[in-house]
2 protein chains.
Amino acid sequence: MSTVGKAVSLLELFTLDEPEIGLSDLARKAGLDKATARRLLMALANHRLIEQEPQSRRYRLGAGLSRLARIRDAHFPFVRVAAPVARELSLETGETVHLSEFSAGALLTVHVELSAKANRVNVDVGQILPLHGTASGIAFLAASRLQVVSAYLEKPLQAFTAHTVTGPDTLAKAIAFAAASGYSRSSQGYEEGVHSIGAAILGADGQPIGALAVASPISRVDDAVAANQGAAAVKAARLIAARLTGEA
Amino acid sequence: MSTVGKAVSLLELFTLDEPEIGLSDLARKAGLDKATARRLLMALANHRLIEQEPQSRRYRLGAGLSRLARIRDAHFPFVRVAAPVARELSLETGETVHLSEFSAGALLTVHVELSAKANRVNVDVGQILPLHGTASGIAFLAASRLQVVSAYLEKPLQAFTAHTVTGPDTLAKAIAFAAASGYSRSSQGYEEGVHSIGAAILGADGQPIGALAVASPISRVDDAVAANQGAAAVKAARLIAARLTGEA
DNA sequence: AACGATGGTTCAAATAGTGAACCGACAAGA
DNA sequence: TCTTGTCGGTTCACTATTTGAACCATCGTT
């Protein structure tokens, strides 16, 4: 791996659950020598991508990341625009809604609106969703160019649960359904007990840039509920697209 | 410079004004060879810190940055904690209030509460404030260790308006005033017609981590108003510091 | 068709990265 | 008190990664 890749891997070790990590721990987790880890951390710290707590000497993510993220968000305000719409959709359906953005061949969860109900689906921001195992991914594929889809179908499809669709033909059918109805449906394809309805969000050029999904405990969903959620999800996805392209 | 440093420099070339840049341009600006720049960009893209626009082939900051920034902000909630206090201060003074966080030798504006008045000062989130030209910066310097201040005073001070304090002695006096009274005062040091009162926000270790400022059209401020704003700003800054360190 | 850009690729040469061994400090246990 | 095992941090000989000139292919202009 490149030196830069190693440095970024260090950044990626920090999570919501573990936002501060010591040097030895960091080196162990990254599979790097302590000296190497420290040199990389120093390079990152010089640019404020990493900060060191003066007392505990532990490391944490730096303010430079917030700065860069702000520049990106100002130019590409996906979350800013989409989050309020996702919130509305969550209130309307009473279920958890999550937003994902396409990046490097998969969907990256960038925002979550949790259901108010006690029995709800929990999704973490930052989670990476495969295109074939989730409703979001299938909706995204259905909105993609055929060329992209067939290229994706040629690669082996990993199974995440006993219900994950791994057959190219079955997946193609799910995609066809999504293309026809505007929304996709996936039952326990990624997590046991979770039912999802997905809809793609299109950019100005008509290509999909991300997706949103309504995720419910499977016990609360039947065909009628799914159809309602689908219609609402499509409406929300269109509203986001319209706002992103300045058409509303 | 380390390879990692070079890669991060590439990220730092993206600004609010120029959020998408082509390969050759990027290499030129960073002083790198095209091949090197591309290799670094690919390493960054693998971790979603950089994205490439498929059509134009230009590069932009990636979604991974938003992800990391969100993790940081969740743990180090400067804006989340400080924004409501800034809002109160804005309502109390009737003027625009802006929050900045120290990063890489300058203050980065991270939040703004605009005055409700028609004639108000406008500040943009993301703006970088010099330490010597703004009330926020002077307040920050006044709260910093002497060693940091004298190092800063040794470097030449850029003038932004005809009123910018560029003499080290004059600046030292302004810093001394701020150290004594708790708040700083700057008239038209960064923008013509703008008067600012600044106060530093201290972290758990007593070192300043940022600052807030009340910015008014100069026509609305006299010594009495400034003193009132100063007292209010100091109170707000202390409240934020207390909440950040879990003491309130 | 010729030009001057662009993005992207190759490979020998050279520089930058690596990691075992080391240090001092601290904390827990014997 | 004296281990023993951490921790963060540093050094330096060895080596693998990075580098960049020269090279395409492509695009839009002249």
Side-chain angles (χ1 to χ4, degrees), chain A residues 1-15 17-62 75-76 103-105 145 147-148 151 205 207, chain B residues 1-15 17-62 75-76 147 203-205 207:
Chain A
M1 191 192 290
S2 70
T3 313
V4 174
K6 287 174 202 159
V8 180
S9 312
L10 282 175
L11 291 177
E12 291 176 339
L13 292 175
F14 296 90
T15 63
D17 296 330
E18 198 176 12
E20 291 197 357
I21 313 182
L23 173 61
S24 299
D25 213 10
L26 222 30
R28 247 193 315 274
K29 284 181 172 134
L32 297 173
D33 188 87
K34 216 162 30 128
T36 302
R38 179 153 206 290
R39 197 169 34 76
L40 297 176
L41 286 168
M42 285 314 178
L44 292 169
N46 283 335
H47 294 265
R48 308 254 156 199
L49 265 49
I50 281 283
E51 290 171 354
Q52 191 173 17
E53 183 73 24
Q55 282 127 23
S56 68
R57 290 187 162 180
R58 282 144 66 90
Y59 297 87
R60 64 159 176 246
L61 296 175
H75 170 58
F76 196 74
S103 184
R145 282 171 304 171
Q147 191 183 345
V148 177
D205 57 355
Q207 291 306 303
Chain B
M1 192 194 287
S2 69
T3 314
V4 174
K6 287 175 202 158
V8 180
S9 313
L10 282 174
L11 292 177
E12 291 177 339
L13 292 174
F14 297 90
T15 63
D17 297 330
E18 198 176 11
E20 291 196 358
I21 315 182
L23 173 61
S24 299
D25 212 10
L26 222 30
R28 250 193 313 276
K29 283 183 172 130
L32 298 172
D33 188 87
K34 220 164 25 129
T36 303
R38 186 169 146 72
R39 196 168 36 76
L40 296 177
L41 286 168
M42 285 314 176
L44 292 169
N46 282 336
H47 294 264
R48 301 160 209 265
L49 266 47
I50 281 281
E51 290 170 356
Q52 190 172 18
E53 182 74 24
Q55 284 124 23
S56 67
R57 291 189 163 178
R58 283 145 63 90
Y59 297 87
R60 66 159 176 247
L61 296 175
H75 172 238
F76 195 72
Q147 192 183 343
D205 57 354
Q207 289 306 304

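In what follows, every heavy atom counts, from backbone to side chain, and hydrogens, waters and symmetry copies are set aside. Protein chains get the first letters and strands the later ones, always in sequence-line order, with residue 1 at the start of each.
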Exercise. Atom CG in A:L41, atom CG in A:L32: separation rounded to 0.5 Å?
Worked result: 9.0 Å
For this session: Kindly compute the distance separating CZ (B:R28) from CG (B:L23), expressed to the nearest 0.5 Å.
Result: 9.5 Å
Exercise. Between A:R58 and A:E20, which heavy-atom pair has the shortest distance, and what is it?
Worked result: NH2-O, 2.9 Å
Side-chain donor/acceptor pairs under 3.5 Å, residues 6-15 of chain B, sequence neighbours excluded:
| unit_1 | atom_1 | unit_2 | atom_2 | d |
| --- | --- | --- | --- | --- |
| B:S9 | OG | B:G5 | O | 2.6 |
| B:E12 | OE1 | A:H47 | ND1 | 3.3 |
| B:E12 | OE2 | A:H47 | ND1 | 3.4 |
| B:T15 | OG1 | B:D17 | N | 3.3 |
| B:T15 | OG1 | B:E18 | N | 3.0 |

Problem set entry | B/S/- contact track for nucleotides 3-21 of chain C, protein heavy atom under 4.0 Å | ---SBBBB-----SSBBB-
For this session: Anything under 4.0 Å to a heavy atom of chain A counts; send over the first and last such nucleotide of DNA chain D, read 5' to 3'.
Result: D:dC7 to D:dT18
Exercise. Atom OG1 in A:T36, atom NZ in A:K34: separation rounded to 0.5 Å?
Worked result: 11.0 Å
Problem set entry | Approximate separation, where rounding is to 0.5 Å, of B:L49 CG and B:L61 CG | 8.5 Å
Problem set entry | For A:R60 against A:P19, the heavy-atom pair lying closest together | CB-O, 3.5 Å
